[in-house]
Enquirer: 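Once you've had a glance at the structure underneath, I'll fire off some questions.
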There are 2 protein chains.
Amino acid sequence: MGIALVSMSILSLAAAIVSKGEHTTLTISVIMSILAGLCTFTTLPKLKDTFIKANLSGRDLLKPTKPLLPETLGLPTAIIYLITLFLFIPFPFINWFEGAHVVHEQDPHLGTFPYNKLGEILSAILAIQSMILLGFADDVLDVRWRYKVWFPAIAGIPLMIFYYTNKGVTYVVMPIQLRPYLGDLVDLGPLYYVYMAMLIIFCTHSINILAGINGIEAGQSLVIGLSVIANDLLYIFNNPDRSSVEAHLFSLYFIIPFVGVTSALLWHNWFPATLFVGDTYCYFAGMTLAVVGILGHFSKTLLLFFIPQIFNFLYSCPQLFRLVECPRHRMPRIDPDTGLLKCSTVRPSDKKPMGTLGNMALKLLRALGLLKVFQYDNDGRIIECNNLTLLNLVLAYFGPMSERNTTVAILIIQTIASLLAFFIRYKLVHLVY
Amino acid sequence: MGIALVSMSILSLAAAIVSKGEHTTLTISVIMSILAGLCTFTTLPKLKDTFIKANLSGRDLLKPTKPLLPETLGLPTAIIYLITLFLFIPFPFINWFEGAHVVHEQDPHLGTFPYNKLGEILSAILAIQSMILLGFADDVLDVRWRYKVWFPAIAGIPLMIFYYTNKGVTYVVMPIQLRPYLGDLVDLGPLYYVYMAMLIIFCTHSINILAGINGIEAGQSLVIGLSVIANDLLYIFNNPDRSSVEAHLFSLYFIIPFVGVTSALLWHNWFPATLFVGDTYCYFAGMTLAVVGILGHFSKTLLLFFIPQIFNFLYSCPQLFRLVECPRHRMPRIDPDTGLLKCSTVRPSDKKPMGTLGNMALKLLRALGLLKVFQYDNDGRIIECNNLTLLNLVLAYFGPMSERNTTVAILIIQTIASLLAFFIRYKLVHLVY
């Protein structure tokens with residue numbers, strides 16, 4: 001790890017000296033990200049024993065032998081990401097540094113240094129690091145939901161302050177169809193910050209909710225990360241708007257190393273996994289994705305990339321809000337004979353009779369084809385159905401499947417969602433804006 | 001905890017609305033710090049079971065019954081500190097916020113907002129939070145020394161970037177006696193950043209080295225913290241230099257809540273302790289103190305406050321660098337009959353004969369009166385002497401003492417060091433500058 005970090009610094013410095021400009025900065029970012037990925041790849045296996053010894057471990061319940069795997073390996077992954085960012089921070093500002101002493105003499109106020117940009121980067125790192133800390137605390141201590149659900153919003157305060165001071169744009173452009181009634185622009189004012197806080201909370205927790213089988217947390221994050229890179233690059237090339245290009249560049253500086261370390265983590269977490277990523281990784285990934293969306297000013301496009309997570313959350317709501325009985329674990333089940341996964345089920349009226357709202361929710365889902373019922377009683381009431389998660393829904397329709405194929409199926413859904421997002425963002429958008 | 005945080009926000013907002021200016025900001029900081037302290041005070045006892053259940057616990061070996069105490073309670077302390085800072089960040093900038101929209105219309109470049117100050121604050125929080133994360137990882141995973149010794153310097157990178165861009169002062173004023181040879185000012189250039197990095201590394205680890213008995217980690221941090229407050233206030237009152245006042249104000253904004261949460265932690269960690277603070281607290285405290293020294297531009301005065309820690313480090317060096325045999329634990333011993341502490345000892349030539357350098361070091365220390373020898377061999381060579389830590393030295397001369405009195409003795413030494421520091425800084429300094 002030490003060698004990788006040193007070579008990271010030397011290579012990047014070399015690249016910086018050879019030439020200047022943002023293409024070089026982007027190249028340095030790519031080089032550092034590759035090194036961060038390699039560093040993660042080689043470091044994680046060495047840390048397994050340390051984590052198991054520290055009681056950070058869990059059984060892989062979806063394997064016939066239920067092996068004990070180290071948990072929370074998202075922590076070193078996230079720390080390598082942070083170190084990479086810390087070492088990278090000076091590079092986007094390197095041109096200014098070299099002229100610094102000249103400017104000192106000419107202009108004592110140093111008005112030329114983009115403090116707002118540097119501060120924005122720091123506020124973003126701060127938000128990400130806060131969630132890594134909370135994630136790790138959660139892995140070790142099992143923080144209660146009523147506390148941890150709000151933490152991402154607190155972690156996002158510095159980011160929102162910077163958003164406020166840097167641009168303060170709180171209006172949204174109205175769809176053409178609504179303009180006669182509401183005008184071209186509607187200023188959301190403080191509500192815009194509530195929207196951003198909700199976005200941060202949602203993204204941070206959503207990766208953690210669509211979880212439970214090998215490779216799924218890192219896999220979905222990787223697909224979203226690559227989609228963000230594609231979106232940023234589409235903006236950067238041939239864009240005459242300087243400030244927009246800059247926003248997307250800074251978004252790239254955060255997401256490229258994320259893709260680097262995530263790829264390495266996914267390699268080790270892929271079926272059959274040799275380690276678990278932990279809540280630490282889920283929070284880290286969710287906050288990083290939220291941050292790049294806000295830094296790059298494309299939070300609506302980002303939400304389109306999160307379609308599977310949004311669906312999973314909405315689909316889970318009847319159980320999350322206890323309209324329908326919610327077992328402690330809703331993970332898929334393994335069939336011990338075939339080794340294949342099948343959906344886990346719930347018997348909504350077993351412990352206490354289900355309420356009217358729960359009944360309506362299940363009937364609606366069934367009507368939409370989003371519920372597989374395994375048993376009815378004589379009056380046609382639902383006795384047993386699949387648990388309300390995207391994973392179980394996929395398994396209810398396409399299962400039994402191997403764990404690997406289940407992950408692949410989810411990642412295909414995630415990729416289709418990204419393609420749909422690009423279609424909506426770049427084609428369909430002309431119908432409403 | 002939730003209620004405390006909400007009331008913290010409401011009270012502070014109320015105070016902010018009533019009047020404006022930096023005195024108000026300081027008042028808000030004091031109010032928030034008191035609430036943070038109360039929040040820490042009430043939260044810590046509630047978390048004990050959670051921490052013990054998570055295997056974050058250890059035996060208090062200096063008690064006859066060796067009770068099991070929860071460890072790492074510095075983590076919630078540090079998190080409450082961070083939340084307090086996050087909620088506080090907007091207040092020093094509140095005057096600007098109110099004028100924000102006016103400025104927007106007049107000046108699209110937003111040149112008036114002190115981004116450099118806000119960025120500096122964020123870089124400081126980032127450094128502190130990095131060390132909290134590392135400290136917690138160390139408590140859970142036992143990170144190796146060769147890695148963790150360098151981490152504070154990496155955590156300090158953003159802070160040093162801001163130092164560079166904000167002022168970039170890298171010269172030191174020479175003492176009068178040296179000026180004929182070296183000039184009035186000597187520009188250390190890049191060496192100045194090496195100095196800052198070393199300062200950060202030293203402060204972060206030094207609290208962790210002077211540790212091991214109830215109340216000592218939080219106690220010494222509290223004394224240094226109060227000294228920093230006194231020093232800041234001395235600068236602020238009747239100082240015509242605006243930028244110096246501002247630097248010390250920002251230093252206060254960081255140290256006052258630190259004193260708040262530390263007092264609460266010390267209450268629970270005071271003899272007989274009901275919880276341990278953990279490496280998390282030691283790193284958090286060390287980095288916070290380093291950061292306020294750098295933010296307030298008084299790193300040399302800060303080092304004077306660290307005289308006991310510097311002495312402890314230098315005194316430990318012969319054992320740390322293995323010139324003299326170093327047992328795994330150098331904590332004082334308890335006399336089971338009296339319940340009093342006495343110094344722990346080392347037999348430097350038992351396992352392998354001590355080298356020449358080690359022999360010279362021990363002889364020098366004995367000549368200086370800084371070593372108590374318990375046994376000589378027939379040739380007058382040292383067979384057994386006290387372990388080389390400040391704690392053992394105090395016990396060697398003044399012990400046996402109760403654990404409580406040992407802590408009090410160290411805190412008295414710490415207080416004398418602070419008084420000496422003020423004397424050197426404000427009186428003796430005129431002889432050399």
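Below, each value reflects all heavy atoms present in this structure, side chains not excepted, and no hydrogens, waters or symmetry copies. The model shown is predicted, which means the values in this text are computed figures rather than measured ones. In what follows, chains carry the letters A, B, and so on, assigned in the order in which the sequence lines appear, proteins first and then strands, with residues in each chain numbered from 1.
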Enquirer: Please test Ile128(A) against Tyr81(A) for side chain to side chain contact (heavy atoms under 4.5 Å, CB included), starting from the C-alpha separation and ending with a verdict.
Expert: CA-CA 10 Å; Ile128(A) 295 171; Tyr81(A) 174 80; 4.1 Å; yes

Enquirer: Atom NE2 in His297(B), atom CD in Glu246(B): separation rounded to 0.5 Å?
Expert: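 Those atoms lie 10.0 Å apart.
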
Enquirer: Is Ile121(B) close to chain A through its backbone or its side chain, or both, or neither, when contacts mean heavy atoms under 4.5 Å?
Expert: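 Neither; nothing under 4.5 Å.
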
Enquirer: Highest number of heavy-atom pairs under 4.5 Å with chain B: which of Phe86(A), Phe51(A), Trp150(A)?
Expert: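 It is Phe86(A).
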
Enquirer: Evaluate the side-chain proximity of Tyr115(B) to Leu118(A): yes if any heavy-atom separation is below 4.5 Å, no if none is.
Expert: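 Contact flag for Leu118(A)/Tyr115(B) side chains = no.
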
Enquirer: Should Leu87(A) and Ile83(A) be marked as a side chain to side chain contact (heavy atoms under 4.5 Å, CB included) after you check the CA-CA gap, both sets of side-chain angles, and the distance that decides it?
Expert: CA-CA 6 Å; Leu87(A) 295 176; Ile83(A) 294 176; 4.0 Å; yes

Enquirer: If you define the side chain from C-beta out and look only at heavy atoms, does anything of Pro257(B) sit under 4.5 Å from Leu85(B)?
Expert: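 In contact.
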
Enquirer: Taking side chain as C-beta onward, heavy atoms only, is Lys117(B) less than 4.5 Å from Pro92(B)?
Expert: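 Answer no - side chains too far apart.
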
Enquirer: Are Met32(B) and Phe91(B) side-chain neighbours, meaning at least one heavy-atom pair lies under 4.5 Å?
Expert: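 Side chain of Met32(B) against side chain of Phe91(B), heavy atoms only: contact under 4.5 Å found.
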
Enquirer: Taking it one step at a time, do Asp241(A) and Ser243(A) satisfy side chain to side chain contact (heavy atoms under 4.5 Å, CB included)?
Expert: CA-CA 6 Å; Asp241(A) 179 357; Ser243(A) 81; 3.4 Å; yes

Enquirer: Anything in residues 133-144 of chain B with a heavy-atom distance to chain A below 4.5 Å? Please list those residues in order.
Expert: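 Within residues 133-144 of chain B, the residues that come under 4.5 Å of chain A (heavy atoms only) are Leu133(B), Phe136(B), Ala137(B), Val140(B), Leu141(B).
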
Enquirer: In terms of heavy-atom pairs under 4.5 Å with chain A, which of Leu126(B), Ile132(B), Ile125(B), Ile157(B) leads?
Expert: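 Looking at each option in turn, the highest pair count goes to Leu126(B).
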
Enquirer: What is the distance from atom CG of Leu47(A) to atom NE2 of His268(A), rounded to the nearest 0.5 Å?
Expert: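 The CG atom of Leu47(A) sits 10.0 Å away from the NE2 atom of His268(A).
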
Enquirer: Hey, what do you get for CG (Leu82(B)) to OG1 (Thr77(B)), rounding to the nearest 0.5 Å?
Expert: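 Leu82(B) atom CG to Thr77(B) atom OG1 measures 11.0 Å (nearest 0.5 Å).
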
Enquirer: Given a strict heavy-atom distance threshold of 4.5 Å, which part of Leu75(A) is in contact with chain B: side chain, backbone, both, or neither?
Expert: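 It is the side chain, since no backbone atom gets that close.
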
Enquirer: Which residues in residues 280-287 of chain B have any heavy atom closer than 4.5 Å to a heavy atom of chain A?
Expert: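 If one takes a 4.5 Å heavy-atom cut-off, no residue of residues 280-287 of chain B lies near chain A.
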
Enquirer: Compare all side-chain heavy atoms of Tyr147(A) with those of Phe151(A) and state whether any distance is below 4.5 angstrom.
Expert: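 Touching, per the 4.5 Å side-chain cut-off.
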
